[in-house]
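Read through the structure below, which is laid out as structure tokens, and then see the notes.
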Amino acid sequence: MGRNREEIIKDAEDSILHTYNRFPVVFDHGRGVYLYDTDGREYLDFGAGIAVSALGYGNEEYGAAVKAQVDKLLHISNLYYNEPVAEAAKLLTEAAGMERVFFTNSGTEAVEGAVKAAKKYAYLRDGHAGHEIIAMNHSFHGRSLGALSVTGNAHYREPFEPLLPGVRFAEFNQLESVKALINERTCAIILETVQGEGGIYPATAEFLEGVRALCNAHDILLILDEIQCGMGRCGAMFAWQRYGVKPDIMTAAKALGCGVPVGAFLMTERVAKRSLAPGDHGTTYGGNPLAGAVVTTVLKMMERDDVTGHVNEVAPYLEQKLDELAASFDFVTERRGLGLMQGLVCKKPVGEIAAQALSGELIVLTAGSDVLRFVPPLIIEKEHIDEMAEKLSAVFRAVGKI
Ligand SMILES: *Cc1c(COP(=O)(O)O)cnc(C)c1O
């Protein structure tokens, strides 16, 4: 018999660096869109491990592919070729309509690479360094120092300053504020196609098109961070494909590995030819055979099962159910989102609502200070949306009385 919940939590709290305030639940295993804790309680999961577990839990085909590669070959370094990553690179660049990819181990590393690629491009263009990047307020791009430098949350940045110099923050969805920051040193504009952590804000079509036009006019590279909104979640393989606004460089991670840590940054051939070259960038683990097999499996399964088609079928139903909840409870002021990336804006503490939901065996996330975030596995069905809405309305009724 394993140890009980309290013992496990105590061990964790005794030794793990305290950078998270965790919910007091210990998950043991998962199946489909449900997670099970060590006491055998079943939770409906609308968080997917923060938009990671797109295929749900316990998928046998995925598990078998991972296990087969574990037994065959895990790692060789990037000094040699391996077949799984060659296949993954082909499939991912095709899915993204980009020509070149670099595999990383996480999202934040993908952003680091994207920023380095843009800096190198401008360095070669101008014959000198010292370039600037425009990022967005309320953005989130990761916790490593470069990605943190372009993250539009002063609270996250402040203790670690000075960070990357030359980063300027514009207002998301306000083209004039971006325009005002452009100068001859600007090398890149980075943004999330749909802002995630900052509160689930989809870019408007006019904004994205306007930013693209500004980039074209000034030879500035557009970097789209698709780490959360990509991989089918918004009803296209990458959210930008819904807008028809193509970036020069993009990032992916989270659902790219569906549980195995993998990230990537991709770029067009035009940028690749005038950017990172041998010696400019590297990684020991990134794109190893395991990561390659995982990405290949995820992409093939998503394509075969028409995951984006499924998202487009169920997402309107999720929107409808969330709209109904918003209409029934005064403290819910707005729903916004794209596809299976949705948020409810609440005038009550969302951390408390998420905790109450967890007690009711429903997992939801928060984003920003006032948004409940819904990023379920992409395999959810309407019946799961009904179950979520029922559970959440019970929580909302209790919370409404606070
Ligand atoms: C999660 C996230 C990241 C960081 O990814 P990690 O794997 O946690 O480093 C970067 N950008 C966006 C948009 C994200 O949602």
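Start at 1 and go down the list; that is how both ligands and their atoms are numbered. Scope of the values below: all heavy atoms of this structure, side chains included, with no hydrogens, waters or symmetry mates.
Proximity of a side-chain donor or acceptor of T108 to a complementary backbone N or O of S144 within less than 3.5 Å is detected. In this structure a side-chain-to-backbone donor-acceptor pair under 3.5 Å is missing from H131 to K120.
Near K254, meaning under 4.0 Å from one of its heavy atoms, ligand 1 places the atoms 1 (C), 2 (C), 3 (C), 14 (C), 15 (O). Residue contact check: H141 has heavy atoms under 4.0 Å from atoms 10 (C), 11 (N) of ligand 1. Set against the non-hydrogen atoms of Q228, the atoms of ligand 1 under 4.0 Å away are 15 (O). Taking every non-hydrogen atom of E192 and a distance limit under 4.0 Å, the qualifying atoms of ligand 1 come out as 13 (C).
In this structure, the protein non-hydrogen atom closest to atom 11 (N) of ligand 1 is D225 OD2, 2.7 Å.
Where the criterion is an N or O separation shorter than 3.5 Å, residue side chain and backbone included, F140 meets it with respect to ligand 1. Between G107 and ligand 1, at least one N/O pair is under 3.5 Å apart. The shortest N/O to N/O separation between E197 and ligand 1 does not fall below 3.5 Å.
With ring centers used as reference points, H281 lies under 6.0 Å from F102. Checked against the 6.0 Å centroid criterion, the rings of Y57 and H29 do not qualify as a close aromatic pair.
Both the backbone and the side chain of T108 come within 4.0 Å of ligand 1, counting heavy atoms alone. Contacts between R143 and ligand 1 below 4.0 angstrom, taking non-hydrogen atoms only, are absent altogether.
The pair D45-R31 does not count as a salt bridge, with every side-chain nitrogen at least 4.0 angstrom from each carboxylate oxygen. Salt bridge D386/K382: absent, no basic N to carboxylate O contact under 4.0 Å.
For the residue pair Q320 and E324, a side-chain donor N or O sits within less than 3.5 Å of a side-chain acceptor on the partner.
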